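Structure, as structure tokens:
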Amino acid sequence: ATYRLFKIPELESHCEDYGQAVIYKGTIPRCSGAFKLDDHHSIETGKVFPVCGNTWRMLADTRFKSHFEFIGNFDRHYGIFEGCGTSLPYASANDGTSSKGGACC
């Protein structure tokens, strides 16, 4: 298992939509075709990929910044991504319910 841990105080509790997107440059070694941040963020090289504010910060405020182009900012809030950010990612492990997870981006 691979864990990506980030110490970013501005992370929000929900998957908020600010109309942002990223473009992966394909510059991370062994990830020239796509970059997989987690199980629902596989970002293809050269393709505009909409992201929530948290994903934006995980890419822009970390060692990954130089590998992406960033579109947008935090000036306008469009709400929460449909079906994302409102359930715990490991709810099924804790209480037997199914976590939809869902790709917010």
Side-chain angles (χ1 to χ4, degrees):
T2 299
Y3 293 92
R4 298 188 195 282
L5 305 176
F6 302 100
K7 186 175 182 179
I8 303 172
E10 298 85 8
L11 291 183
E12 299 172 314
S13 61
H14 292 82
C15 205
E16 304 288 346
D17 182 359
Y18 293 94
Q20 300 160 312
V22 297
I23 301 172
Y24 175 52
K25 298 177 183 178
T27 53
I28 296 175
R30 296 182 306 281
C31 298
S32 61
F35 173 71
K36 186 170 183 171
L37 180 64
D38 57 28
D39 67 345
H40 62 275
H41 290 88
S42 183
I43 307 168
E44 292 181 51
T45 301
K47 184 175 181 181
V48 175
F49 188 85
V51 294
C52 68
N54 287 339
T55 301
W56 172 277
R57 285 188 168 108
M58 284 183 241
L59 299 173
D61 297 346
T62 66
R63 66 188 180 276
F64 298 120
K65 182 177 185 171
S66 65
H67 301 286
F68 290 87
E69 293 178 39
F70 296 87
I71 301 166
N73 53 43
F74 287 89
D75 289 348
R76 185 160 183 195
H77 184 247
Y78 296 96
I80 296 176
F81 273 95
E82 181 75 28
C84 189
T86 57
S87 64
L88 296 174
Y90 301 106
S92 59
N94 294 332
D95 63 11
T97 63
S98 175
S99 173
K100 298 290 184 203
C104 60
C105 312

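In this text the structure is predicted, and so the values were computed from the model without any measurement.
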Specify the closest pair of heavy atoms between [X] and [Y], including all atoms of both residues, with the distance to one decimal.
{"X": "M58", "Y": "I8", "answer": "CA-CD1, 3.9 Å"}
{"X": "R57", "Y": "L11", "answer": "CB-CD2, 4.2 Å"}
{"X": "I43", "Y": "F68", "answer": "CD1-CE2, 4.0 Å"}

Working to the nearest 0.5 Å, report the span between [atom1] of [X] and [atom2] of [Y].
{"X": "Y24", "Y": "H67", "atom1": "OH", "atom2": "NE2", "result": "7.0 Å"}
{"X": "D75", "Y": "Q20", "atom1": "CG", "atom2": "CD", "result": "9.5 Å"}
{"X": "T45", "Y": "I28", "atom1": "OG1", "atom2": "CD1", "result": "9.0 Å"}
{"X": "H40", "Y": "T55", "atom1": "NE2", "atom2": "OG1", "result": "6.5 Å"}

* Asked: Is there a side-chain contact (heavy atoms from CB on, under 4.5 Å) between F49 and F35 once you walk through the steps?
  -> CA-CA 11 Å; F49 188 85; F35 173 71; over 6 Å; no

Could you go through D17 and H77, starting from their C-alpha distance and side-chain angles, then the distance that decides it, and tell me whether this counts as side-chain contact (heavy atoms from CB on, under 4.5 Å)? CA-CA 6 Å; D17 182 359; H77 184 247; 5.9 Å; no

Query raised in the report: When hydrophobic residues are tied together by side-chain contacts of less than 4.5 Å, even through go-betweens, does V51 share a cluster with L37?
Result: yes

Around K25, counting heavy atoms of other residues, nucleotides and ligands shown, do more than 12 lie under 6.0 Å from its NZ? yes

Going by heavy atoms in the side chains, are I80 and E16 under 4.5 Å from each other?
yes

Tested for ring-ring contact (aromatic ring centres under 6.0 Å, His included) against Y18, the lone hit among F74, F70, W56 is F74

